[in-house]
Number of protein chains: 2
Amino acid sequence: MTISLGKAFLIASSMEELLDTTGGKRGRITIHDVAAAAGISISTASKALNDTGRMGLETRERVKRIAAEIGYRPNALARGLLSKRSFTIGLLTNDTYGRFTLPVMAGISDALVDHGVSVFLCAIEEDPALAQIHVEAMLDKQVDGIIATGKRLDRRLPVDLSNLNVPVVYAFTEGAPGSVTFRSDDAQGARLAVEWLAKLGRKRMVHVTGPENFFSVRERADAYRRVAGEERPVLFGVWSESWGHEAVARLWSGSGERPDGIFCGNDQIARGVIDALRERGIRVPQDVSVVGFDNWEIVAAQTRPPLTTVDMELKELGRQAGLTVLALAEGRSVEPGIRKLPCRLVVRQSCGGDTLGI
Amino acid sequence: MTISLGKAFLIASSMEELLDTTGGKRGRITIHDVAAAAGISISTASKALNDTGRMGLETRERVKRIAAEIGYRPNALARGLLSKRSFTIGLLTNDTYGRFTLPVMAGISDALVDHGVSVFLCAIEEDPALAQIHVEAMLDKQVDGIIATGKRLDRRLPVDLSNLNVPVVYAFTEGAPGSVTFRSDDAQGARLAVEWLAKLGRKRMVHVTGPENFFSVRERADAYRRVAGEERPVLFGVWSESWGHEAVARLWSGSGERPDGIFCGNDQIARGVIDALRERGIRVPQDVSVVGFDNWEIVAAQTRPPLTTVDMELKELGRQAGLTVLALAEGRSVEPGIRKLPCRLVVRQSCGGDTLGI
DNA sequence: CTGAAAGCGCTTACAG
DNA sequence: CTGAAAGCGCTTACAG
């Protein structure tokens with residue numbers, strides 16, 4: 001048996017009779033069907049349904065009721081053609097793994113679903129040609145705006161969005177000059193982490209982090225130094241567990257001072273650090289407190305002990321980016337510039353202090 | 001300074017002159033602009049651009065050239081209104097974490113971008129009301145089809161998609177009866193894993209896996225037993241690293257037989273198992289081979305040693321789901337039923353054999 | 001209070 | 001070979 005889902009299957013059985021009486025018309029239910037069923041013109045039907053124009057309340061209600069009964073839903077394409085609003089936006093990302101994009105997407109969707117806006121997700125990796133294709137497809141479909149996001153604050157997407165005829169908002173990726181950009185406040189996030197270590201009485205702090213050529217790495221390191229002391233050590237490396245291991249090996253190999261508080265540049269490094277400490281018989285958090293960055297659940301919740309870490313609040317970032325692109329699409333004014341959104345410290349058990357009720 | 005991105009900014013400076021000469025019209029470039037610039041009617045312009053109708057090749061080329069010069073792009077909303085095709089599909093998922101959805105999405109997008117199709121991503125969690133809102137928004141926007149996906153093969157999404165007037169394809173989630181469903185062939189995947197262990201000479205196998213109420217857990221366990229032997233032990237538990245630890249503790253605590261090959265139900269369990277073995281001084285893969293399931297890079301590539309595991313080829317699954325929904329949207333016939341797509345064994349170092357060139 | 005007409009941007013018979 | 005007309009489904013002045 002094969003099924004063919006062409007035009008034919010568009011008609012559900014319950015609709016069939018109605019449509020047959022209204023001319024046997026095939027296809028979706030339109031405003032003509034509503035008007036016919038109510039015995040009025042389509043103009044009046046439109047006004048009744050949209051609460052525009054003047055008309056008796058009872059007529060309005062009756063039309064709405066009939067529309068609901070026959071399952072009428074306005075065609076957004078037709079509406080969009082008139083109103084120049086498609087209630088659709090595009091999310092462009094080069095973060096194929098989705099580590100950062102998913103929370104941002106969730107926030108955007110969360111903020112915009114109430115406004116009837118749907119989101120095209122376009123993953124472009126690092127391919128400029130692919131990016132161009134996706135951007136053009138979105139523009140052809142008359143998106144009301146585009147949000148650009150990525151995996152790195154200090155890198156641009158491989159496509160120029162600065163001269164499009166729709167508003168563009170940047171979230172967690174570097175924006176064009178004069179644009180609206182949302183990003184996490186990494187300095188503030190780092191301060192939260194280091195101040196937490198300090199509050200727990202840690203004095204011999206170390207920062208084990210990623211590659212120095214990341215802007216956010218430098219920003220977090222600077223903030224760390226400002227709180228912990230300018231002379232406190234920073235170990236730059238890569239974003240991996242194994243670097244966390246190696247850093248611990250380095251710190252405990254020489255005859256130097258042993259840290260009692262380690263602020264890690266991300267959760268993966270922190271996991272490596274914690275594992276390495278355990279393997280050396282060093283207790284976390286009794287002997288050393290470890291704090292991470294990212295609050296990547298899959299990593300942070302699985303470390304032993306679970307990781308205290310900094311959450312960049314990417315969902316909130318997405319929410320704000322969504323509302324902003326909507327505002328621009330509606331012609332409202334928005335101040336350009338970079339908005340830094342505060343991070344939040346998520347206290348688990350890797351630093352201690354989790355039972356202090358602080 | 002504030003910027004207002006209303007209608008006004010739609011006109012780029014370079015377009016301004018042109019549009020002023022064609023009537024000072026504001027807004028996007030339409031086929032009227034092309035026709036005016038070429039000194040022909042819009043009907044002819046349309047036919048020239050779409051390679052329809054009959055006309056001199058040189059006219060056709062000239063129109064196309066002019067269209068390209070003035071940056072004309074057809075309005076997909078207007079086209080969709082006529083053609084009943086929006087070149088848009090919806091992807092509905094309850095997998096908020098994106099573990100399974102992202103690769104599926106990547107495959108869909110990959111397959112459909114060449115056909116000019118864009119994808120609405122709708123994350124609905126487990127909320128039926130939210131799901132309903134998203135489905136209605138997609139239908140209003142005249143999606144050509146919907147792909148439903150999720151995080152579990154044996155669970156339905158919290159919304160009924162069986163009587164929509166657009167085609168629906170299910171991918172990695174349970175479909176309605178009589179629908180087209182794509183899923184991974186978990187039995188075959190499990191066989192790959194266990195046969196690999198057998199090929200490496202492992203005889204005392206154990207299967208450490210997730211909750212027995214998962215269909216895929218039972219299916220993998222059955223396949224394991226068929227290859228390893230019906231009497232071989234299966235330890236059901238949860239999908240976590242800590243369960244992997246606990247399972248090792250259990251296996252090595254009694255006086256029973258010590259396994260030399262452990263097939264894990266997912267990569268997180270495998271990671272727990274490997275960590276626990278290392279902590280006991282048992283060498284992987286020399287003493288015990290460990291194989292996982294999922295090929296979740298972030299986990300599989302970070303275990304020590306890196307994990308040999310089964311990849312469900314979710315991207316390919318997405319690709320096929322995408323092409324299928326497209327076929328249905330075009331009215332082509334598709335055989336309903338469940339299609340199982342083969343898994344692939346990814347050989348890293350946790351089993352040995354990685355240098356055998358097998 | 002209600003409806004005919006125009007029009008959003010496009011495509012497609014149809015008549016020249 | 002080319003263009004006027006109709007129409008996709010809707011909204012919005014405008015005239016009654």
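Letters A, B, ... are given to chains in the order of the sequence lines, protein chains preceding strands, and every chain is numbered from 1.
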- Message: Take N1-N3 plus N6-O4 or O6-N4 for Watson-Crick, N1-O2 plus O6-N3 for G-U, both under 3.5 Å. Which runs of 3 or more such pairs involve DNA chain D?
- Response: C:1-3 with D:14-16, C:5-12 with D:5-12, C:14-16 with D:1-3

- Item | A:I31 CD1 - D:dT12 P separation (whole Å) | 11 Å

- Message: Below 4.0 angstrom, which residues in residues 71-78 of chain A have at least one non-hydrogen atom near DNA chain C?
- Response: none

- Item | Side-chain donor/acceptor of B:S109 to backbone N/O of B:M105, under 3.5 Å | no

- Measure the distance from NZ on B:K47 to P on C:dA13 and round it to the nearest whole Å. 11 Å

- Message: Check the phosphate of D:dG9 against A:T30, side-chain N and O only, distance under 4.0 Å to OP1 or OP2. Yes or no?
- Response: no

- Task: Can you tell me the distance, in whole Å, between the CG atom of A:D33 and the P atom of D:dC8?
- Result: 12 Å

- Item | Ion pair B:R62/B:E58, N-O distance below 4.0 Å | no

- Query: Taking atom P of D:dA4 as reference, at what distance in whole Å does atom NE2 of B:H32 sit?
  - Reply: 11 Å

- Ignoring hydrogens and angles, state whether a donor on the side chain of B:S162 or B:D160 is under 3.5 Å from an acceptor on the partner side chain. yes

- Would a 4.5 Å heavy-atom cut-off, applied to side chains only, mark A:M55 and A:I40 as touching? no

- Integer-rounded Å distance: D:dG9 C1' and A:Q142 CD: 16 Å

- Can you tell me, in whole Å, how much space there is between the P of C:dA4 and that of D:dG7? 15 Å

- Task: Return the residues of residues 48-69 of chain A meeting this criterion: a heavy atom under 4.0 Å from some atom of DNA chain C. Order them by number, or give none.
- Result: A:R54, A:M55, A:G56

- Task: Would you please test B:F182 and B:Y170 for ring-ring contact (aromatic ring centres under 6.0 Å, His included) and show each step?
- Result: CA-CA 6 Å; B:F182 290 90; B:Y170 298 84; over 10 Å; no

- Distance check: side-chain N/O of B:S43 vs OP1/OP2 of D:dG3, anything under 4.0 Å? no

- Query: In terms of side-chain geometry, is the basic nitrogen of A:R65 or A:E69 positioned less than 4.0 Å from the acidic oxygen of its partner?
  - Reply: yes

- Query: Atom CD1 of A:I70 to atom P of D:dG9: distance rounded to whole Å?
  - Reply: 13 Å

- Task: Indicate whether OP1 or OP2 belonging to C:dG9 is found under 4.0 Å from a side-chain N or O atom of B:R28.
- Result: no

- Item | Separation of D:dC10 C1' from A:I29 CD1 (nearest whole Å) | 16 Å

- Item | Heavy-atom donor-acceptor pair, B:D127 side chain to B:I124 backbone, under 3.5 Å | no

- Message: What's the closest nucleotide to the side chain of A:K84 if the choices are D:dC8, D:dC10, C:dG9?
- Response: C:dG9

- Message: Whether the side chain of A:R60 engages the backbone of A:T52 through a donor-acceptor N/O pair (distance < 3.5 Å, no angle test) should be reported.
- Response: yes

- Query: Looking just at side-chain N and O atoms, do B:S118 and A:K141 make a donor-acceptor pair shorter than 3.5 Å?
  - Reply: yes

- Query: Start at the 5' end of DNA chain D and walk down; is the nucleotide closest to B:L82 or to B:T44 reached first?
  - Reply: B:T44

- Query: Between A:S86 and A:Q142, is there a donor-acceptor pair closer than 3.5 Å when you use the side chain of the first and the backbone of the second?
  - Reply: yes

- Hey, is the main chain of B:A106 close enough, under 3.5 Å, to the side chain of B:D110 for a donor-acceptor pair? no

- Note on the structure: When rounded to whole Å, the CD1 to C1' distance for the pair A:I42 and D:dT11 reads 9 Å

- Message: Looking at B:D144 and B:F87, would you say the former's side chain and the latter's main chain have a donor-acceptor pair under 3.5 Å?
- Response: yes

